[in-house]
Number of protein chains: 2
Amino acid sequence: MNKKYSMSYETFLKNFKLHISKLGFKNSIQKDYILKILFFSDEHLTAEDISNNIKKEYNIDVGIATVYRTVKFFDEINIINSLDVGDNVKRYELKISEHHDHLVCTSCHKIIEFSDDLIEEKQKNIAKDNNFELKNHTMIIYGLCEDCH
Amino acid sequence: MNKKYSMSYETFLKNFKLHISKLGFKNSIQKDYILKILFFSDEHLTAEDISNNIKKEYNIDVGIATVYRTVKFFDEINIINSLDVGDNVKRYELKISEHHDHLVCTSCHKIIEFSDDLIEEKQKNIAKDNNFELKNHTMIIYGLCEDCH
DNA sequence: CTGCATGCAAAACTTTTGCAAAGTG
DNA sequence: CACTTTGCAAAAGTTTTGCATGCAG
């Protein structure tokens, strides 16, 4: 529980509630907890992780189907990133810090985040050159980390 | 069947056979056909696609388990890229043309390839800065293509 | 109250694996 | 021949879905 954002959880949650009610959807404690776990987690969590962590940290049961439906919903309203690090499971993280990309160790599966303004800039240009309306992007660099080679 | 490489299929196949025999593995007609389909395809194929296309184009049955085992093998010997465009299926392409990345339309799922030297360069630096031995990378830009917005 | 959200269990998919049989070098 | 590879079917794992019930606005 030590992730640092430009925004407190309270502010984030308030904005979120406003946002979904504007869209005509209903909030629920399940959504709150999924959001909370994602907000405070330093990891990239799978749906299973999310459900387990909510149980572990808050002793609340959120069905796995609900987690899947919720992350899909979060994805549709564009507040979440999903990434597959190569093991056929989707992992999720909130899109609240500045955009970043990932370095993944192919041996120990450690994930390191990085960001690079120049690459961000280039990506915008590439989208523009191809007449794409840029929505999102993922970049994963695979390699062997320091400890593994 | 109009993909253009720096190498003919015959040359490619010969190199491949040499390569795997050096590694102590055996070739098979199944591997040949999987390679052939991938070599001549303009698309990013799923395992299912590969099996179906071999049946359709050459009327040869290659079990889906064999396709999965083979693409995994190809991945281990580093001659294939796999990518998940967001639909929980892996798609494969040979690593024979110069490296490129992908623009994916979130509406019609069209895939456009691009490459950018500057980004490639930056990626190398990022790996180096983090003491990673760079092996591979994937970058996907998601957006709405020209036809879809 | 209306209708979206949830939970459960079943279903749908994709991918992996065990084992006997076949094929390669 | 020895040993890898294949095919089949079963298993495993992830994600989706139908439906009755619950809950938010």
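Since we're looking at a predicted model, the values are computed, not measured. Here is the naming used below: chain letters follow the sequence lines, and residue numbers restart at 1 for every chain.
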Sequence neighbours left out, cut at 3.5 Å: what donor-acceptor pairs do the side chains of residues 78-88 of chain A make with other protein atoms?
residue : atom : partner : partner atom : Å
A:N78   : OD1  : A:K95   : NZ           : 2.6
A:N81   : OD1  : A:N136  : ND2          : 3.1
A:D84   : OD1  : A:G86   : N            : 2.7
A:D84   : OD1  : A:D87   : N            : 3.2
A:D84   : OD1  : A:N88   : N            : 3.4
A:D87   : OD2  : A:R91   : NH2          : 3.1
A:N88   : OD1  : B:K90   : NZ           : 2.7

Between side-chain atoms of residues 9-21 of chain A and protein atoms elsewhere (two or more places apart, or another chain), which donor-acceptor pairs fall under 3.5 Å?
residue : atom : partner : partner atom : Å
A:Y9    : OH   : A:D32   : O            : 3.3
A:T11   : OG1  : A:S8    : OG           : 2.8
A:S21   : OG   : A:L18   : O            : 3.2

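Applying the side chain to side chain contact (heavy atoms under 4.5 Å, CB included) rule to A:K122 yields the partners B:D116, B:L118, B:I119; only residues at least two apart in sequence or on another chain are considered. For A:E133, the side chain to side chain contact (heavy atoms under 4.5 Å, CB included) partners at least two apart in sequence or on another chain are B:L144, B:H149.
Straight-line distance from the NE2 atom of A:H19 to the P atom of D:dG25: 16 Å, rounded to whole Å. The separation between B:L83 atom CG and C:dT14 atom C1' is 16 Å, rounded to whole Å. Taking atom CD1 of A:I29 as the reference point, atom C1' of D:dA24 lies 11 Å away to the nearest angstrom. As rounded to whole Å, 14 Å separates atom P of D:dA24 from atom CZ of A:F16. Distance, B:D84 CG to C:dT15 C1': 13 Å, rounded to whole Å. The NZ atom of B:K17 sits 16 Å away from the C1' atom of D:dT4 (whole-angstrom rounding). Between B:K55 atom NZ and D:dT6 atom C1' the separation is 16 Å, expressed in whole Å. The CG-P distance, from B:L18 to C:dT24, rounds to 18 Å in whole Å.
Counting heavy atoms of neighbouring residues, nucleotides and ligands inside a 6.0 Å radius, atom NZ of B:K55 exceeds 12 of them.
Looking at A:E120 and A:H100, their side chains never bring a donor and an acceptor atom within 3.5 Å of each other.
Residues B:F73 and B:F25 place their aromatic rings such that the two centres sit under 6.0 Å apart.
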Pull out every protein N or O sitting under 3.5 Å from an N or O of nucleotides 2-5 of chain C, one pair per line with the distance.
residue : atom : partner : partner atom : Å
C:dG3   : N2   : A:K26   : NZ           : 3.1
C:dG3   : N3   : A:K26   : NZ           : 3.4
C:dA5   : OP1  : A:K26   : N            : 3.4
C:dA5   : OP1  : A:K31   : NZ           : 3.4

N/O to N/O distances under 3.5 Å, protein versus nucleotides 12-18 of chain D:
residue : atom : partner : partner atom : Å
D:dT15  : OP1  : A:K90   : N            : 3.1
D:dT15  : OP2  : A:Y68   : OH           : 2.3
D:dT15  : O5'  : A:Y68   : OH           : 3.3
D:dT16  : OP1  : A:K72   : NZ           : 2.7
D:dG18  : O6   : A:R69   : NH1          : 3.4

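The aromatic rings of A:H102 and A:H44 stand perpendicular to each other, their planes meeting at an angle above 60°, with 30° marking the opposite boundary.
Atom-to-atom distance recorded for A:E43:CD and A:I111:CD1 is 8.0 Å, nearest 0.5 angstrom.
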